[in-house]
Amino acid sequence: MRDQPEELKGVLFDLDGTLIDSRRAFETQLRDFFAMHGTSIPSRAKLRHLVTKSYSEIIAEIFGNADPKFLRDSMDWFNYSYRYYYMNRYTKPISGALECLRRLQSAGLKIGIASNTPRIVLDYFLKSNGLDQAGIDSVAGDEVNQKKPSPDLLLALLKKMGLRASQALYVGDMTEDVQSAKKASLAMVAVLTGLCNQEELMAERPDVMIASVANLCELLGHSRTRIQGELAFSRSALGPIQPHKEV
């Protein structure tokens, strides 16, 4: 990936499945959407497949070439109902995730979030968790030409943070996250708190796999209570893929 390790200056995070547990929110929203339109509710396996897609992709897959007005109305319903209802009722931060962000920032690291989710949802997450004034940079899925697995989100976020890929690492939970990180030449830490299982993630060959973002500080080799100011890493410094642990 790179010949000489550089000082670690920033950590980029995915949102859903990495920082927040949103599986129930997405599945419940999709079930309600299908019920509203008299469409049979997909199996759990199908729902799992659909929640990895954008809302427009979901509509296209289920309804085909939908009427433009139906598409606009559906997109508005998805975005606003998720922000004002499903996210409030069914999502919660991954255990230890917010503490991890605070600890990394206290060590002087830049923090960024790159999510396929729309800006309206990303901003709501930041505000509702008291992170909107925390100096966290972010790029949302509706602000780039292509979402993950394209590298566009990560490259845009690196530029916003003023970092080179060799100065940062990316943490995510999906195979698309691993693919995106590789295309952006970022070191990749995969977590097991999202929809993808260990075997699926292993097949994409992330640099490291850990149970949860809460383990990130330990992965970097620092104490549970304090992160040292001088951090450097390379592929070898990050160490081998960690065995799965229940979270």
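We're numbering straight along the sequence, starting at 1. Because only heavy atoms are used, hydrogens play no part in the values below, and waters and symmetry mates are left out as well, while side chains stay in.
- In this structure, a donor-acceptor pair under 3.5 Å is present between the side chains of Tyr55 and Gln29.
- Counted by atom type alone, Arg119 and Ser138 present one or more donor-acceptor pairs between their side chains at under 3.5 Å.
- Put simply, the side chain of Cys217 reaches to within 4.5 Å of the side chain of Leu104, judged on heavy atoms.
- The distance from atom NZ of Lys159 to atom CG of Leu155, rounded to the nearest 0.5 Å, is 10.5 Å.
- In this structure the side chain of Met75 reaches within 4.5 angstrom of the side chain of Leu71, judged on heavy atoms.
- In terms of modelled atom types and a separation under 3.5 Å, the side chain of Asn116 and the main chain of Lys148 share a donor-acceptor contact.
- Using a 4.5 Å heavy-atom threshold, the side chains of Leu158 and Arg164 count as separate.
- Side chains of Glu7 and Gln167: no donor on one and acceptor on the other come within 3.5 Å.
- Side chain of Glu200 to backbone of Asn197: a donor-acceptor contact under 3.5 angstrom is found.
- Relative ring orientation between Phe33 and Phe78 is described as tilted, the plane-to-plane angle lying within the 30° to 60° band.
- Heavy-atom contacts from other residues, nucleotides or ligands closer than 6.0 Å to CZ of Phe63 number more than 12.
- For Gln179 (side chain) and Pro151 (main-chain N/O), no donor-acceptor pair under 3.5 Å exists by modelled atom type.
- A donor-acceptor contact closer than 3.5 angstrom links the side chains of Tyr170 and Asp177.
- To the nearest 0.5 Å, the span separating OG1 on Thr39 from CG on Leu30 amounts to 11.5 Å.
- Interatomic distance, CD1 of Ile58 versus OG of Ser74, reported as 11.0 Å (0.5 Å rounding).
- Annotation: the span from Met202 atom CE to Cys196 atom SG amounts to 14.0 Å, rounded to 0.5 Å.
- Under the 4.5 Å side-chain criterion, counting only non-hydrogen atoms from C-beta, Tyr86 is in contact with Asp32.
- Contact check for Ser180 versus Leu153: no side-chain heavy atoms found under the 4.5 Å cut-off.
- In summary, the side chains of Asp173 and Thr193 do not present any donor paired with an acceptor at a separation below 3.5 Å, with no hydrogens or angles considered.
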### Query
Between Ile94 and Leu19, is a side-chain contact (heavy atoms from CB on, under 4.5 Å) present by the stated rule, with each step listed?
CA-CA 5 Å; Ile94 297 291; Leu19 295 178; 5.6 Å; no
### Query
So Leu131 and Leu98, side-chain contact (heavy atoms from CB on, under 4.5 Å) or not? Walk me through it.
CA-CA 9 Å; Leu131 299 174; Leu98 300 184; 3.9 Å; yes
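- To the nearest 0.5 angstrom, Met188 atom CE is 8.5 Å from Asp207 atom CG.
- Leu186 has its side chain out of reach of Leu169: every pair of non-hydrogen atoms, C-beta onward, lies at least 4.5 Å apart.
- Across every non-hydrogen atom of Val144 and Ala156, the tightest pair is CG1-CB, 4.2 Å.
- Ring to ring, Phe26 and Tyr82 are close: their centroids are under 6.0 angstrom apart.
- Within the 4.5 Å cutoff, the side chain of Ser115 has heavy atoms near those of the Asp16 side chain.
- Atom NZ in Lys110 sits 10.5 Å away from atom CG in Leu157 (nearest 0.5 Å).
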### Evaluation steps, side-chain contact (heavy atoms from CB on, under 4.5 Å), between Met209 and Leu201
CA-CA 8 Å; Met209 186 179 294; Leu201 288 168; 3.4 Å; yes
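- Of the charged side-chain nitrogens involved, none lies within less than 4.0 Å of a carboxylate oxygen, so that Lys127 and Asp123 do not count as a salt-bridged pair.
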### Query
Could you walk me through whether Arg205 and Lys182 pass the side-chain contact (heavy atoms from CB on, under 4.5 Å) check?
CA-CA 10 Å; Arg205 302 303 301 164; Lys182 287 184 176 181; 3.6 Å; yes
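- For the pair Ile210 and Val208, the minimum side-chain heavy-atom distance is below 4.5 Å.
- No side-chain donor from either of Asp21 and Tyr90 sits under 3.5 Å from a side-chain acceptor of the other.
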